[in-house]
Amino acid sequence: MPITPQQLIERKQQGIAIVALTAYDYVSAKLLDRAGVDLLLVGDSLGMVVLGYETTLPLTLDEMIHHAKAVRRGIEKALMVVDLPFLTYQESFQQAMHSAGRILKETGAQAVKLEGGYPEIAETVRRLVLAGIPVLGHVGLTPQSVHQLGYRKQGKTPETSDRIFKEAVALQEAGAFAVVLEHIPSKLAAEISKTLVIPTIGIGAGVHCDGQVLVTHDLLGMTDRVPPFAKRYANLQETITQAVQAYGEDVRDRRFPPD
Ligand code: KIV
Ligand code: NA
């Protein structure tokens, strides 16, 4: 049985940290699921990490669904969440319902994530939840607003930190089962985590969140630029380069294949 949103809320009550990562295809989803990750997010970072776009903005709903279907085939245990791409939910409630509905029906994901919180987005979340669609919120640095925010840390002034706090509370009241806190001061994330009943999942938001998420390709050392808060647990760029160079030398020297 896959992990449910309700089980993540129970983990917070039990004080067990939630382990989350991104996945974009079948083979990586299978590896991450077997390694015991609780929540696999098909993030719209897909657009940058795997499809090579400059930002997350160009990613389409069809591209997202194509990859999410592959991820689904690789997961047995983890809770599967899919990001709603830029401008597939902001236009109207109908648009949000249509996009989230397509994701659940066509990919088999259990939940969707969308960026922002207050007040229009919270109302969208409320309607999705009423329709039976579990929603993961996302506040702080929201990369779909890169042209307004850049990739800078958010919530550094009293005004912005107050706004982010209120957005997180509004998302909980709207029925979100958890909230991603991206690139905000650790102290603010700690306050939000203490106030909310639902879990917070941090990325660049300090150790006091109820769980952590990273972009898998950053953790594995497959990306050129990693955000300051990411930690590289492996250097697959190096491993892959060495393996491919060894193969190239073997082919050129006629050592592979064997006679
Ligand atoms: O798209 C993504 O990878 C995300 C996570 C970093 C939270 O939204
Ligand atoms: Na995202």
Side-chain angles (χ1 to χ4, degrees), residues 8 17-25 28-29 32 37-61 63-65 67-68 71 78-90 96 99-100 103 107 109 111-117 121 125 135-154 164 167-168 171 176-184 189 192-193 198-206 209-220 222-223 225-233:
L8 294 190
I18 296 161
V19 180
L21 281 176
T22 62
Y24 312 110
D25 60 30
S28 58
L32 302 172
V37 176
D38 300 314
L39 186 159
L40 283 173
L41 170 69
V42 192
D44 62 357
S45 52
L46 163 70
M48 298 173 75
V49 174
V50 168
L51 302 182
Y53 297 140
E54 277 294 317
T55 67
T56 61
L57 306 195
L59 186 75
T60 67
L61 187 58
E63 287 171 327
M64 184 53 113
I65 287 174
H67 282 258
V71 168
L79 172 69
M80 178 176 165
V81 184
V82 175
D83 265 352
L84 284 171
F86 182 56
L87 295 190
T88 69
Y89 60 96
Q90 294 94 334
S99 301
I103 285 175
T107 78
V112 297
K113 175 163 81 59
L114 41 79
E115 294 185 6
I121 293 295
V125 169
V135 179
L136 175 59
H138 183 161
V139 298
L141 173 54
T142 47
Q144 290 179 7
S145 307
V146 60
H147 297 311
Q148 288 168 336
L149 305 178
Y151 293 118
R152 283 183 301 277
K153 188 186 265 194
Q154 300 297 305
I164 292 166
E167 286 181 336
L171 287 168
F177 69 86
V179 187
V180 168
L181 304 179
E182 179 162 353
H183 212 8
I184 61 171
I192 294 173
S193 304
I198 59 171
T200 59
I201 301 178
I203 173 162
C209 297
D210 302 302
Q212 298 290 332
V213 63
L214 280 179
V215 167
T216 295
H217 290 58
D218 289 341
L219 159 134
L220 294 177
M222 296 179 81
T223 39
R225 282 174 302 160
V226 299
F229 48 76
K231 179 171 170 186
R232 278 189 166 141
Y233 286 83

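In listed order, ligands and their atoms are each counted from 1. For clarity, every value in this text was computed on a predicted model and none was experimentally measured.
Between the CD1 atom of Ile203 and the CG atom of Leu21 there is a distance of 9.5 Å, given to the nearest 0.5 Å. We find the CD-CG distance between Gln212 and Leu39 to be 12.5 Å, quoted to the nearest 0.5 Å. Atom CG in Asp44 sits 4.5 Å away from atom CD in Gln144 (nearest 0.5 Å).
Side chain of Asp38 to main chain of Val19: a donor-acceptor pair is present (N/O by atom type, distance under 3.5 Å, no hydrogens or angles). Asp210 places no side-chain N or O within 3.5 Å of a backbone atom of Pro199 that could act as its donor or acceptor partner. With Thr223 contributing its side chain and Val226 its backbone, the two residues share no donor-acceptor pair below 3.5 Å. In this structure a side-chain-to-backbone donor-acceptor pair under 3.5 Å is missing from Tyr151 to Leu141. Put simply, the side chain of His67 gets close to the backbone of Tyr24: a donor and an acceptor are under 3.5 Å apart. Judged by distance alone, the side chain of Thr22 and the main-chain N or O of Leu41 form no donor-acceptor pair under 3.5 Å.
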Using a 3.5 Å cut-off on N/O to N/O, what pairs does ligand 1 make with the protein? A line per pair would be great.
from	atom 1	to	atom 2	distance (Å)
ligand 1	1 (O)	Asp44	N	3.2
ligand 1	1 (O)	Asp44	OD1	3.2
ligand 1	1 (O)	Ser45	N	3.0
ligand 1	1 (O)	Ser45	OG	3.2
ligand 1	1 (O)	Asp83	OD2	3.2
ligand 1	3 (O)	Ser45	OG	2.5
ligand 1	8 (O)	Lys113	NZ	2.9

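Distances under 3.0 Å from the Na ion (ligand 2) pick out the protein N/O/S atoms Asp44 OD1, Asp83 OD2.
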